[in-house]
Participant: 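Pasting a structure below so you can have a look.
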There are 2 protein chains.
Amino acid sequence: MKASIKEVARLAGVSVATVSHVLNKTKNVRPETRTRVEQAVTKLNYQINPMARNLRRGETKTIGFVVANMANYYYLDIARGLEQRLLKSGYRPLLIDSQEEKHIEIENVKNLLASAVDGLVIAPTTEDFSYLKLLIGRRHLPVVFVDRRPTGFEGDLILATNEQGAYQAVKMLIAKGHREVAFIGSRYDSTMMERVIGYRRALTEAGIPVNTNYIKMGAKVSVSLNELRHGTSFSQTRELLELGSVTAIFSGNNLASIGVFTCLREMGVQVPQEVAFMTFDDDFWLTMTTPSISAVAQKPGEIGKVAGDIMIERLLKQAERIEGYHNVRVSTRLILRESC
Amino acid sequence: MKASIKEVARLAGVSVATVSHVLNKTKNVRPETRTRVEQAVTKLNYQINPMARNLRRGETKTIGFVVANMANYYYLDIARGLEQRLLKSGYRPLLIDSQEEKHIEIENVKNLLASAVDGLVIAPTTEDFSYLKLLIGRRHLPVVFVDRRPTGFEGDLILATNEQGAYQAVKMLIAKGHREVAFIGSRYDSTMMERVIGYRRALTEAGIPVNTNYIKMGAKVSVSLNELRHGTSFSQTRELLELGSVTAIFSGNNLASIGVFTCLREMGVQVPQEVAFMTFDDDFWLTMTTPSISAVAQKPGEIGKVAGDIMIERLLKQAERIEGYHNVRVSTRLILRESC
DNA sequence: TCTAAAAGGTTAAACGATTACCAATCGATA
DNA sequence: TATCGATTGGTAATCGTTTAACCTTTTAGA
């Protein structure tokens, strides 16, 4: 089967304690014995048994990452950034999908706690996290939130510069001569709220009155990209077009943009000649459409990296309540394409 | 901190062995004592320590899933199907990305073996897996391959019906009147080989001679979707267009289709009037382009599920060499859209 | 009533590491 | 020379379970 530390010790003619000390550099060992141990290790192709070590040390070296919706590519990019940083420090992310369902999210968290992760990174489905307190109880477990701000629970938080991103985008539309700019969001969470605020600020600063008929919210979030094409944002777009006055549409996130663009295309609207279009969140497919679509690009990889760094910091320093919580904003940038 | 089995035993007034037996239903216990134990469990909010159990039982209840390229959505769908089945049997997938690099793949496998997974599902980057024998050595570890056939190592294998899929697609193009049909593949692996064979069979059956100038292979695989737009398949498409005779292009996979379509669009080619287009592998963005793009759709979720089922079977029966290896084909279907 | 078998429960040895504590050796110093 | 401290190594307890083996009772059948 597999060699254990005992057999290494026997082959090297020392005790298991010494082998352990050599392996972990946790005590001085005479060079001679050290090499004897090392030779035994390579000879037996010995690999430490992580379960035994973890049991003894009381840690798992895994960080649970609870993702709101794996169908949304955005979260995958976060996961990649996160993984990169965690691996560097010997930790490993454990990915799990909530499919935009609160009850699945809770189930996932329970599961991860049961498998004794050392930390939790959460991209929330909805904002309420009062349940987390009960589940975590009084053990040391750092929690980092990304993408949406939770309520009822405190932890580190990493968000994009939502307000500024939306502001810049709408300002750009205004600069191109648009005054009748509509906003199509989706679920009304803290993040979407900030984007709406940016949208309003751009209008107000330009002296354009905010027309609440131009703001469409409350879409149902779906897991299926294909369903999204004819989902709420599709019909909301049609409603806006029927007003007859809108000359530009800004979509509040990547999921909403699917329905918006599908509608524009199916209604035969000339983009950008008749209606200009822009969206929050960049995505690969925005480059493949005719016209290609302008976007406020987040840096999801960066968000993941920051989340990883903060997690590692907490893990190493066990400093969760020493200095309050981090509240990081990762910048966005405007990518202009053909749609405006 | 957290309650252990000992405290449950003390509270219930029994031995730890009895608690364990109640928990695992591994021995008869008088109903009365059983409820005493159960009450103690809920009262202390006792959760079993998975590391201790795993150490004792010598299993981790995790299955490593080594993905060739997480930027390719196809693998994500496989992962979802896999996860679904594994969770049902109390196992959990551990996802890890090889970024299309053989050396990262090997690193990943080593990592997973070191963390003592109970099984391995692999979507290979390249086909050579002779290294696996050495790494696994002589322990019981089921290995299931998906998407590409490995060489140098035997395991269960789950593939799409590549030959038939390509055959049907090209046959359809021929039925629409095309005789000058080109094929753009990418890396020349077993899977792409099968698709080429399907392509050739369709032509031959229709009495159309195979023109080897129409077959472009050997593209460099990239992880970046954006780079792929102007990668090898882009220039291969231009070469084909310069021949002046091609009336239809069939793309061998979803990655190649990105470059092909980008080229068609940037060269101002009318699709499907001047050149028809079709691709192996369905993807969300194929529905958002103008025109939308026809595809041979795999069922990645189904592939993942089958992989999960087979893995579970092996795990339960420990029957890896009793009955040879599975060799499953998951069907494809033609999705016709505007591009042909 | 006696015996065998079944049932209910406990003891203690693992699993494979880590680590506090102890013991021996050796120079160097007072 | 006796002592001190550093260095090197070993002993054994521990982490939280599982499980084989064993000991008592009960139960059932004759």
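Values below: every heavy atom of this structure, side chains too, minus hydrogens, waters and symmetry copies. Here is the naming used below: chain letters follow the sequence lines, and residue numbers restart at 1 for every chain.
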Participant: Which ones in residues 41-61 of chain B lie close to DNA chain D, meaning a heavy atom under 4.0 Å from one of its atoms?
Facilitator: B/Tyr46, B/Gln47, B/Ile48, B/Asn49, B/Ala52, B/Arg53, B/Arg56, B/Arg57

Participant: Only pairs under 3.5 Å count here: list side-chain donor-acceptor contacts from residues 149-156 of chain A, not counting sequence neighbours, and write none if there are none.
Facilitator:
unit_1	atom_1	unit_2	atom_2	d
A/Asp156	OD1	A/Arg314	NH2	2.7
A/Asp156	OD1	A/His326	N	2.7
A/Asp156	OD2	A/Arg314	NE	2.8
A/Asp156	OD2	A/Arg314	NH2	3.2

Participant: Enumerate, atom names and distances included, each donor-acceptor pair closer than 3.5 Å involving a side-chain atom of residues 8-18 of chain A, sequence neighbours excluded.
Facilitator:
unit_1	atom_1	unit_2	atom_2	d
A/Ser15	OG	A/Ala17	N	3.4
A/Ser15	OG	A/Thr18	N	3.3
A/Ser15	OG	A/Thr18	OG1	3.3

Participant: Indicate whether the side chain of A/Asn28 and that of A/Arg34 have a donor and an acceptor atom separated by less than 3.5 Å.
Facilitator: no

Participant: Tell me, which of residues 9-25 of chain A have any heavy atom that sits under 4.0 Å from an atom in DNA chain D?
Facilitator: A/Val14, A/Ser15, A/Ala17, A/Thr18

Participant: With sequence neighbours left out, write down each residue that passes salt bridge (Lys or Arg N to Asp or Glu O under 4.0 Å) with A/Arg57, or none if nothing qualifies.
Facilitator: none

Participant: Taking salt bridge (Lys or Arg N to Asp or Glu O under 4.0 Å) as the test, write out the residues that go with B/Lys102, two or more places apart.
Facilitator: B/Glu105

Participant: Using the ring-ring contact (aromatic ring centres under 6.0 Å, His included) rule, collect all pairs that involve residues 52-80 of chain B, keeping only residues at least two apart or in two chains.
Facilitator: none

Participant: List in chain and number order the residues that pass salt bridge (Lys or Arg N to Asp or Glu O under 4.0 Å) with B/Asp189, two or more places apart in sequence or in another chain; answer none if no residue qualifies.
Facilitator: B/Arg148

Participant: Quick one: which residue pairs count as a ring-ring contact (aromatic ring centres under 6.0 Å, His included) with a foot in residues 87-138 of chain A, not counting sequence neighbours?
Facilitator: A/Phe129-A/Tyr131, A/Phe129-A/Phe145

Participant: Under 4.0 Å, heavy atom to any atom of DNA chain C: which of residues 28-38 of chain B qualify?
Facilitator: B/Asn28, B/Val29, B/Arg30, B/Thr33

Participant: Not counting sequence neighbours, list each pair that qualifies as a ring-ring contact (aromatic ring centres under 6.0 Å, His included) and has a residue in residues 2-50 of chain A.
Facilitator: none

Participant: Hey, where on DNA chain D does chain B first and last touch, going 5' to 3'? Cut-off is any atom under 4.0 Å from a heavy atom.
Facilitator: D/dC15 to D/dA21

